[in-house]
Amino acid sequence: IPGYGNSPPVEMAVTAQGRRTFLEHVLQELGMQRPVLVSPSMSGRFSLPFLLAHWDWLAGFVPIAPVGTKDYTAEQYQGVQTPTLILYGDRDTGLAPQALQNLQHLPEHRVAVLPGAGHACYLDKPEAFHQALLGFLHQLK
């Protein structure tokens with residue numbers, strides 16, 4: 001994610017619109033056609049504005065306790081028709097419940113909870129994470 005960790009900051013990533021535009025450019029440059037967007041934690045600042053503006057660009061969306069879910073209304077989420085797998089670890093008692101509360105307004109969602117996993121559930125329980133992700137991917141058209 002630009003501006004996090006060792007990544008250099010990107011001017012356009014300062015606003016939600018800029019982060020949406022950044023992700024638009026990434027997908028266009030990669031020539032991706034209807035990808036599945038997997039969005040853990042801080043990447044929610046990019047994926048959520050993109051999802052709300054361009055849900056029809058995506059074949060699927062997999063939020064993993066993303067930040068920023070409270071920045072949008074139930075009505076905004078209800079307009080998104082992208083198949084969604086809300087995925088989180090049951091030991092993530094901070095961000096995951098808030099994200100679930102907001103993201104459950106997405107009409108085409110299902111939920112997968114990984115027992116014994118924390119915020120980085122894909123690191124804590126990689127086999128269970130991959131099983132849930134692959135199961136979701138196989139059900140997409």
Side-chain angles (χ1 to χ4, degrees), residues 1-7 9-141:
I1 300 173
Y4 296 95
N6 294 325
S7 301
V10 173
E11 181 79 25
M12 72 178 359
V14 174
T15 66
Q17 181 176 344
R19 291 187 293 271
R20 182 193 78 214
T21 301
F22 177 83
L23 195 49
E24 289 169 6
H25 290 351
V26 168
L27 295 181
Q28 288 169 344
E29 286 297 315
L30 294 173
M32 303 193 83
Q33 300 294 317
R34 297 192 37 82
V36 173
L37 185 58
V38 178
S39 179
S41 197
M42 291 299 290
S43 68
R45 293 271 183 229
F46 289 79
S47 67
L48 293 171
F50 179 85
L51 176 73
L52 294 172
H54 300 300
W55 61 265
D56 55 330
W57 288 24
L58 300 173
F61 180 55
V62 184
I64 307 165
V67 301
T69 61
K70 67 182 185 302
D71 297 344
Y72 305 98
T73 66
E75 292 77 20
Q76 286 175 292
Y77 288 120
Q78 289 165 355
V80 174
Q81 298 300 312
T82 304
T84 300
L85 175 65
I86 301 169
L87 188 57
Y88 65 95
D90 69 352
R91 291 189 180 166
D92 183 356
T93 57
L95 196 53
Q98 180 185 82
L100 177 61
Q101 181 181 354
N102 295 306
L103 294 173
Q104 68 185 354
H105 296 291
L106 293 166
E108 298 294 325
H109 83 274
R110 67 190 78 160
V111 178
V113 182
L114 302 185
H119 183 63
C121 62
Y122 41 87
L123 296 177
D124 294 343
K125 299 289 181 179
E127 188 171 314
F129 170 79
H130 286 108
Q131 285 178 346
L133 180 60
L134 289 172
F136 174 70
L137 295 175
H138 287 303
Q139 292 180 342
L140 295 176
K141 294 180 178 108

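We use all heavy atoms of the structure for the numbers below, so side chains are in, but hydrogens, waters and symmetry mates are not.
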Stepwise side chain to side chain contact (heavy atoms under 4.5 Å, CB included) test for Leu48 and Tyr77: CA-CA 10 Å; Leu48 293 171; Tyr77 288 120; 4.3 Å; yes
Are side-chain heavy atoms of Asn102 and Asp71 found at a separation under 4.5 Å? no
Contact check, side chains of Val67 and Leu95, non-hydrogen atoms, under 4.5 Å: yes
For Asp124 and Gly118, work out which heavy atoms get closest and say how close. OD2-N, 2.6 Å
Hey, does the side chain of Arg34 reach the backbone of Leu58 with a donor-acceptor pair shorter than 3.5 angstrom? yes
Please report the interatomic distance OG1(Thr82) to CZ(Phe61), rounded to the nearest 0.5 Å. 8.5 Å
Flag the pair Pro63 / Leu87 as yes when at least one side-chain heavy-atom distance between them is below 4.5 Å, and no otherwise. no
Residue pair Val36 / Ala59: nearest heavy atoms and the distance that separates them: CG2-CB, 4.2 Å
Once you round to the nearest 0.5 Å, how far does NE2 of His119 lie from CD1 of Ile64? 9.5 Å
Inter-residue atom distance Glu108.CD - Trp55.CH2, 0.5 Å rounding: 9.0 Å
Note, Thr84 side chain near Val62 side chain (heavy atom, < 4.5 Å): no
What's the spacing between Arg45 CZ and Thr15 OG1 if we round to 0.5 Å? 12.0 Å
Between Glu29 and Val26, is there a donor-acceptor pair closer than 3.5 Å when you use the side chain of the first and the backbone of the second? no
With rounding to the nearest 0.5 Å, note down the distance linking CD1 in Ile86 to CD in Gln101. 11.5 Å
Do Pro49 and Gln17 have side chains that approach each other closer than 4.5 Å (heavy atoms only, starting at C-beta)? no
Is Tyr88 reaching over with its side chain to a backbone N or O of Ala120, donor-acceptor style, under 3.5 angstrom? no
What pair of heavy atoms forms the shortest contact from Lys125 to Pro115, and how long is it? CE-O, 3.5 Å
Going through the distances and angles, do Leu114 and Tyr122 end up as a side chain to side chain contact (heavy atoms under 4.5 Å, CB included)? CA-CA 9 Å; Leu114 302 185; Tyr122 41 87; over 6 Å; no
Do Thr21 side-chain atoms and Arg19 backbone N/O form a donor-acceptor pair below 3.5 Å? no
Is Ser41 reaching over with its side chain to a backbone N or O of Pro66, donor-acceptor style, under 3.5 angstrom? no
To the nearest 0.5 Å, atom CZ of Phe129 lies from atom CG of Leu134 at 9.0 Å
Would you please test Ser43 and Ser39 for side-chain hydrogen bond (donor to acceptor under 3.5 Å, both in side chains) and show each step? CA-CA 6 Å; Ser43 68; Ser39 179; 2.8 Å; yes
After noting the C-alpha distance and the side-chain angles of Val111 and Leu100, does the key distance pass the side chain to side chain contact (heavy atoms under 4.5 Å, CB included) rule? CA-CA 9 Å; Val111 178; Leu100 177 61; 3.8 Å; yes
Do the two ring centres, one from Phe50 and one from Trp57, sit under 6.0 Å apart? yes
Is there a donor-acceptor pair under 3.5 Å between the side chain of Asp90 and the backbone N or O of Val113? no
Candidate pair Gln104 and His109, rule side-chain hydrogen bond (donor to acceptor under 3.5 Å, both in side chains), full reasoning: CA-CA 7 Å; Gln104 68 185 354; His109 83 274; 5.6 Å; no
More than 12 non-hydrogen atoms from neighbouring residues, nucleotides or ligands closer than 6.0 Å to CD on Gln28, yes or no? yes
Does Leu23 form a side chain to side chain contact (heavy atoms under 4.5 Å, CB included) with Leu37? I'd like the steps, not just the answer. CA-CA 10 Å; Leu23 195 49; Leu37 185 58; 4.0 Å; yes
